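Report on the following structure.
Quick caveat: nothing in here was measured; it's all calculated off a predicted structure. So that the names make sense, note that chain A is the first sequence line, chain B the second, and so on, each numbered from 1.
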There are 2 protein chains.
Amino acid sequence: MSNLKLLARSLGLSITTVSRALDGYSDVAPATRERVQAAAQAMNYRPNPAARSLRRRRAEAVAVTLPTEPGRFGPPIFLNMLAACGQRLAEDGLDLMLLPTAGRAGEMDTYRRLLDGRRADAVIVVRTRLDDERVGFLKERGIPFVTHGRTARSEEHAFIDGDGEAGFRDAARQLAASGHQRIAHIAAPQDLTFAHLRRKGWLAALDEAGSPDRLEYTAQPTEAGGYEATQWLLRQDTPPTALLCATDSMAIGALSALKERGFTAGREIAVIGHDNLPSAAFTDPPLSSMEIAAPDVGRQLAEMLIARLGGRDGRELQTILPVRQVPRATHGPAN
Amino acid sequence: MSNLKLLARSLGLSITTVSRALDGYSDVAPATRERVQAAAQAMNYRPNPAARSLRRRRAEAVAVTLPTEPGRFGPPIFLNMLAACGQRLAEDGLDLMLLPTAGRAGEMDTYRRLLDGRRADAVIVVRTRLDDERVGFLKERGIPFVTHGRTARSEEHAFIDGDGEAGFRDAARQLAASGHQRIAHIAAPQDLTFAHLRRKGWLAALDEAGSPDRLEYTAQPTEAGGYEATQWLLRQDTPPTALLCATDSMAIGALSALKERGFTAGREIAVIGHDNLPSAAFTDPPLSSMEIAAPDVGRQLAEMLIARLGGRDGRELQTILPVRQVPRATHGPAN
DNA sequence: TTGACTTCCCAAAACGTTTTGGAGATCTAA
DNA sequence: TTAGATCTCCAAAACGTTTTGGGAAGTCAA
């Protein structure tokens, strides 16, 4: 609506001075600065973002890519995390763009378009895989980025992640301590980093306990996946006494399969999930779970991004958040 | 990376001609156009979006505002809808921006900043309320917008919505037809349009059935809300025989409360929700629900937005999508 | 009084596109 | 042959900012 030229004219000043007054440069007299600020306020002036980006040669925006295809996207709280992240970014004048991609194939295309066109100054990478080509691409191009979840090359870049490995180790330890002999793992596809780490934690606890069994089944991280996995596990010669599920969604599927076979979770068979979904407290029986012990992952993510844009080295920006157990009714005793 | 000036120089043409060749103007010779296109391809040219917006005086972006506060945001599939929407927008070169707002108070502020700064050409309004100040504001400013969910002023603007009223009327009818006498409604806050319409459908069916009872309880659209509502309803002198819940999340809470009191949903008491959440098929018993009978709400939303940006009148862009019942185990008979 | 320093301000040049208003050829019709 | 049409192309002016490189007063020290 109103621009610098209008503002300057109405004040009898030059565009330069108005611009510098608003940007807080020191070479403008205090009285002038106040006059300018008042006028800007009165005329409801906001710098035109396109002009500013053009001149500054940055987009003042951060992009997050979302796969559209596989039906469901991550845990339901994910959108809240993005919103919190966006809010923090907005405090620094950065927009958050949603870049949907058509499946994994289209992902790299989307990245190329994004970066060739300079539509974003930095990128948030979600749903990280252990071997994630996106990381290589972004490093090569020199675009700042933060991953939500680690990768095999984590030591080289900024990331934020929950300590799923410790969480699953602790949970499996507790199950073992309470007498469980056959603690099965319902795994998510192992190319996903979070799935790999959670399985690793489970394995570590089994090693500690000297347990020889390695009962596991990998499925999609959905209710249907957990259901399918549980059915398979129950069909084995020596079925498990505990199910450690990669996600709550899978655990909910597991509960359903158990019920169908006449088992009561938390009595005959223990079940523990991860994410502490809102609905976890309302399953039957209420689902024992675990969650990242931080209320503001989104905000932290944003702050890492801002630090990265400010030139901080990605290797200094690596956060692993503790995971807290949320015991409810389904982790019940074996003996 | 590369720009029009470079391209033009390498081709021995003027910037004007290169620009017009790529934009498909008719006043450029076919041979020249091909030469230009080939060079653009080879040099990996993409128009600088900031420069383009500056000159064209539009942002080439669409914004959606998200409240960050109240913990959970809408049904989990919401993010998928946004992703689908963003994908369709991208086909027309439009970016999708996420604009988080700090609670309802900050919402109008965010809108003002957004529009004063011309950061977006159009807006998606979600979580519509019956009396929604955002609609008035956007109409006044003349910014194209589409609401996801109706408002009290729906006839004046573009919207897309499911026919929750018919869905709840049908569900309540079926319950009545199978002998239920006291069909209670677990309502979401009535300022939200979807909640109002679903309640209206329930009321209509009760009227048809000549049922005098109006047993209802309003709570937050979460599992906890449904739980609380059910507890209250069961404490009444003549408890309901059926619970029609505004959302599946509430229905899941209801199932939990019923179980706690020793009831089996689908036998003593029927329960029906709305949204057909992925987990609805895995509750115990599996939850009867309903859902919008369209796979591509997000894409349709995007297309309405594009039509709106193309100058189409909002009154011609109003879609009410049918709602389909998804019967499972909990809508069981009364008699 | 002079020279050096401050303090406060500004003109003009970018940034990379789109669009306006032609201009020079070439062709067509009389 | 000439007047118009038709094809191709282009120079230059925006769009609204930020930033560079001063410049004109005023101040201070000698």
- Task: Could you check whether A:Ile15 gets within reach of a base, just the sugar-phosphate, or nothing at all, counting any heavy atom under 4.0 Å?
- Result: base
- Message: Mind checking if A:Ser53 touches a base, just sugar-phosphate, or nothing, with heavy atoms under 4.0 Å?
- Response: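 No contact at all - A:Ser53 keeps every heavy atom at 4.0 Å or more from the nucleic acid.
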- Query: Of B:Arg113, B:Arg112, B:Arg134, B:Arg127, which is the lone residue that meets salt bridge (charged side-chain N to carboxylate O under 4.0 Å, His left out) with B:Glu107?
  - Reply: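 Among B:Arg113, B:Arg112, B:Arg134, B:Arg127, the one that satisfies the salt bridge (charged side-chain N to carboxylate O under 4.0 Å, His left out) with B:Glu107 is B:Arg134.
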Just N and O in the side chain of [X]: are any of them under 4.0 Å from OP1 or OP2 of [N]?
{"X": "B:Arg56", "N": "D:dC15", "answer": "no"}
{"X": "B:Arg57", "N": "D:dG16", "answer": "yes"}
{"X": "B:Arg52", "N": "C:dT18", "answer": "yes"}
{"X": "A:Ser14", "N": "C:dC9", "answer": "no"}
{"X": "A:Thr32", "N": "C:dC9", "answer": "yes"}
{"X": "A:Tyr25", "N": "D:dT20", "answer": "no"}
{"X": "B:Asn3", "N": "C:dG16", "answer": "yes"}

- Message: What I want to check is whether an N or O donor and acceptor connect the side chain of B:Arg55 with the base of C:dT17 at under 3.5 Å.
- Response: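 Not at all, since no donor on one side and acceptor on the other fall under 3.5 Å apart.
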- Polar side-chain contact B:Thr16-D:dA11 base: donor and acceptor under 3.5 Å: yes
Quick one: which of [options] gets closest to the side chain of [X]?
{"X": "B:Ala51", "options": "C:dG16, D:dT17, C:dC10", "result": "C:dG16"}
{"X": "A:Lys5", "options": "D:dG16, D:dC9, D:dC15", "result": "D:dC15"}
{"X": "B:Leu54", "options": "D:dT8, C:dG16, C:dT18", "result": "C:dG16"}
{"X": "A:Asp27", "options": "D:dT19, C:dC8, D:dC15", "result": "C:dC8"}

- Considering heavy-atom distances to DNA chain C, does A:Thr17 or B:Pro47 have its closest nucleotide positioned more toward the 5' end?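 So the residue in question is A:Thr17.
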- Task: Verify whether one side chain among A:Ser14 and A:Thr17 offers a donor that lies under 3.5 Å from an acceptor in the other.
- Result: yes
